[in-house]
Amino acid sequence: MDETLDEPPTSAVFLDNCHFSQVLFNNVEKFYVPGGDITCFYTLTQHITPRRKDWVGIFRVGWKTTREYYTFMWAPFPSDLSGDSIVQQQIQFRAYYLPKDDEYYQFCYVDEEGVVRGASVPFQFRAETEDDILVVTTQGEVEEIEQQNKDLVKENKELKESCLCLQKQNLGLQEELRLAQEKMKELEGEVCFLQTGNLELRRAQELQAGEMSSAQMNLASIREQNIKLGKENQELQKGLESLKSSCEKLELEGNFLKEENKRLTEQNGCRERELQQFKEHNQEVSSEKEQLESRLKTTLDHMDQLQSQVLNQEKEMENLVRMDHDKTEQLGHLKEENRRLRSTLTEQHQNRDLAKELEEKNHLFQLLQRKQDEIEEKNLRLRQENNELLMRLSESPDYSARVAVPSAQVPTRPPESADLLFGNPYYNSLETSAVNMPSVKKCPLCHEVFPDDIGPRQYEDHVRSHILDCPFCDETFEDKQVYDDHVYCHSLE
């Protein structure tokens, strides 16, 4: 690529801001013969990242900025480049563009931002001064010259080794120089800042010179203010010490909170294990429930006599009707009490206890309402089954003959037990259980069964005993574990 195709990127950056240790030039001759092409060899260290617009220029010794280049060539972009590798490169300058004088020049590697990243040793463009002279020497002189050549070769080898060591030291020194230059940049920035401050101070000094007469009059007041500022400074130092002590306290509290978080994590693990145990226990209870259901099913299969089922269903229907009547009365009482509570709530809106009791009454009312609906559905289903059974019995000739006889004259005997030697073993037990069957009241939360003679107030107190009120807020809970977790969350606030 010819240098005449495009101008290289340059800048007005001075020598102090350049980094000469990032590119190293190798095998630079002391002088080059004019009229011939020259090849420049250089090494890219790991401290530089080559880019497409980097270039190598020939500068006359004593240059100040990168705009003073004599000629240049675009630096070839490395084909294989990794972050920590050292790349050997070369570039050829054509003889037509080289200088024709015998001044000292040097190669410089410039990046696309116009900053010099490496420079070579100086060299010249001049012809050889030694002429081809025929020299006649004796054998002794030849041997002496050969011995001198051997010594020179040995010395040259030692010099090369020392040169390698010096190059390594030069790399280290260049790295130190780069760090020193970066530090120098920072110091220059600080110097600029200080110079700006110095100028401002000079301006302020000039102003103070004009106001010196008035300042002398105010000197006493300024001294007093200085004393006050000293006292304020002492107070600020005391406040700083108090802030440091508070910071230490906060660190101690942070450590305590970390330990508390660790303890809560351990408690969470224990609760997860307890939850797993509860799940296993629930599975065992479910399996026992299934076994009990199967046993109950086998027991109910033995009650297959139609007339005993009719009698039991009639008695159960009477009990359900009586329970329905009781539930209706309880529902009427609850509605009346609910109405009274609503009227009381409108008069005393701020009474929280009555509001909670009203919510409990509403909850009980909904539960009883659902229970009543279930009883009505069950009652309707039993009536339908009873009607079907009566229709089947009406079709039987034995039932019509038995209905014709007055019930006072017909002796009570177990149905269809005439052919049994000891009678029907299930008849007396079923009749007794049907007569003595109490009306069932079941708790909707713990499923405890109560007899029919229990009062509504006792039943409500039992249901209300399952409802847990939070002592910190207005929430209520039915699950003890959820209630404990909620109260524990309040204790952490």
Side-chain angles (χ1 to χ4, degrees), residues 18-48 50 56-63 70-71 73 75-76 78-82 84-109 116-178 180:
C18 298
H19 305 279
F20 297 98
S21 62
Q22 297 180 357
V23 179
L24 303 178
F25 289 89
N26 307 320
N27 302 326
V28 180
E29 302 292 340
K30 293 183 179 180
F31 63 90
Y32 292 95
V33 179
D37 299 339
I38 62 175
T39 302
C40 174
F41 300 93
Y42 59 92
T43 302
L44 299 176
T45 63
Q46 65 270 20
H47 301 293
I48 187 173
V56 179
I58 297 177
F59 290 78
R60 181 176 294 174
V61 174
W63 57 275
Y70 185 87
T71 184
M73 292 290 291
S79 59
D80 185 10
L81 183 63
S82 59
D84 299 331
S85 62
I86 297 176
V87 182
Q88 301 289 338
Q89 295 286 93
Q90 66 180 11
I91 189 171
Q92 188 175 20
F93 288 89
R94 297 179 183 177
Y96 177 77
Y97 300 104
L98 297 176
K100 303 297 189 293
D101 54 9
D102 57 352
E103 296 290 336
Y104 282 95
Y105 294 88
Q106 63 180 154
F107 298 111
C108 292
Y109 188 96
V116 178
R117 301 297 180 180
S120 69
V121 296
F123 57 85
Q124 287 181 295
F125 293 94
R126 61 182 179 84
E128 295 184 3
T129 58
E130 297 180 357
D131 298 330
D132 296 334
I133 301 174
L134 180 61
V135 179
V136 178
T137 57
T138 61
Q139 184 66 28
E141 292 177 350
V142 171
E143 292 177 355
E144 184 179 356
I145 291 171
E146 289 179 353
Q147 184 64 32
Q148 291 178 357
N149 288 334
K150 290 180 180 179
D151 295 337
L152 290 173
V153 169
K154 184 177 180 180
E155 185 178 358
N156 189 15
K157 186 176 180 181
E158 293 176 354
L159 289 174
K160 285 182 179 180
E161 292 178 353
S162 63
C163 183
L164 290 175
C165 295
L166 290 174
Q167 285 180 354
K168 292 180 180 178
Q169 293 178 0
N170 188 17
L171 289 175
L173 292 173
Q174 286 177 354
E175 181 65 23
E176 293 178 357
L177 179 62
R178 183 180 65 79

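As the structure is a computational prediction, the values presented were derived from the model and not from experiment.
- Listed by chain and residue number, nothing satisfies the side chain to side chain donor-acceptor pair (under 3.5 Å) test with E103 (two or more places apart in sequence, or in another chain).
- Counting all heavy atoms, side chain and backbone alike, D37 lies closest to A95 at OD1-N, 2.7 Å.
- For K100, the NZ atom is densely surrounded, since the number of other residues' heavy atoms within 6.0 Å is greater than 12.
- Within the 4.5 Å cutoff, side-chain heavy atoms of L171 are placed close to those of L24.
- Atom CZ of residue F41 and atom CD of residue Q92 lie 9.0 Å apart, to the nearest 0.5 angstrom.
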Kindly determine whether Y32 and L98 satisfy side-chain contact (heavy atoms from CB on, under 4.5 Å), including the steps that lead there.
-> CA-CA 10 Å; Y32 292 95; L98 297 176; over 6 Å; no

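- Here the two rings, on Y42 and Y109, have centers that are under 6.0 Å apart.
- Contact between A119 and C108 at its shortest, heavy atoms only, is CB-SG, 3.9 Å.
- Residues forming a side chain to side chain donor-acceptor pair (under 3.5 Å) with Q174 (at least two apart in sequence, or on another chain): N170.
- Scanning for side-chain contact (heavy atoms from CB on, under 4.5 Å) contacts around L173 gives E176, with sequence neighbours left out.
- Applying the salt bridge (Lys or Arg N to Asp or Glu O under 4.0 Å) test to D101 and every residue at least two apart in sequence or in another chain returns R60.
- Summarising the geometry, atom OG1 belonging to T43 is positioned 3.5 Å from atom CD belonging to Q88; distances are rounded to the nearest 0.5 Å.
- The OG atom of S21 sits 9.5 Å away from the CZ atom of R117 when rounded to the nearest 0.5 Å.
- Here I58 contributes atom CD1 and Q106 contributes atom CD; the two are 11.0 Å apart, rounded to the nearest 0.5 Å.
- From D102, atom CG reaches atom CZ of R126 across 8.5 Å, with rounding to the nearest 0.5 Å.
- The closest side-chain heavy-atom distance from L44 to P78 is below 4.5 Å.
- Only one option out of F107, F93, F31, Y104 pairs with F123 in a ring-ring contact (aromatic ring centres under 6.0 Å, His included); it is F107.
- Looking only at side-chain heavy atoms (C-beta outward), R178 and Q22 come within less than 4.5 Å of each other.
- Sorted pairs that involve residues 144-154 and meet salt bridge (Lys or Arg N to Asp or Glu O under 4.0 Å), not counting sequence neighbours, are lacking altogether.
- Contact of the V116 side chain with the F59 side chain is not registered, since no non-hydrogen atoms from C-beta on lie closer than 4.5 Å.
- The side-chain heavy atoms of Q89 and P76, taken from C-beta on, include a pair separated by under 4.5 Å.
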Under 3.5 Å, which donor-acceptor pairs link side chains of residues 155-167 to any protein atom two or more places apart or in another chain?
residue	atom	partner	partner atom	Å
S162	OG	E158	O	3.2
S162	OG	L159	O	2.7

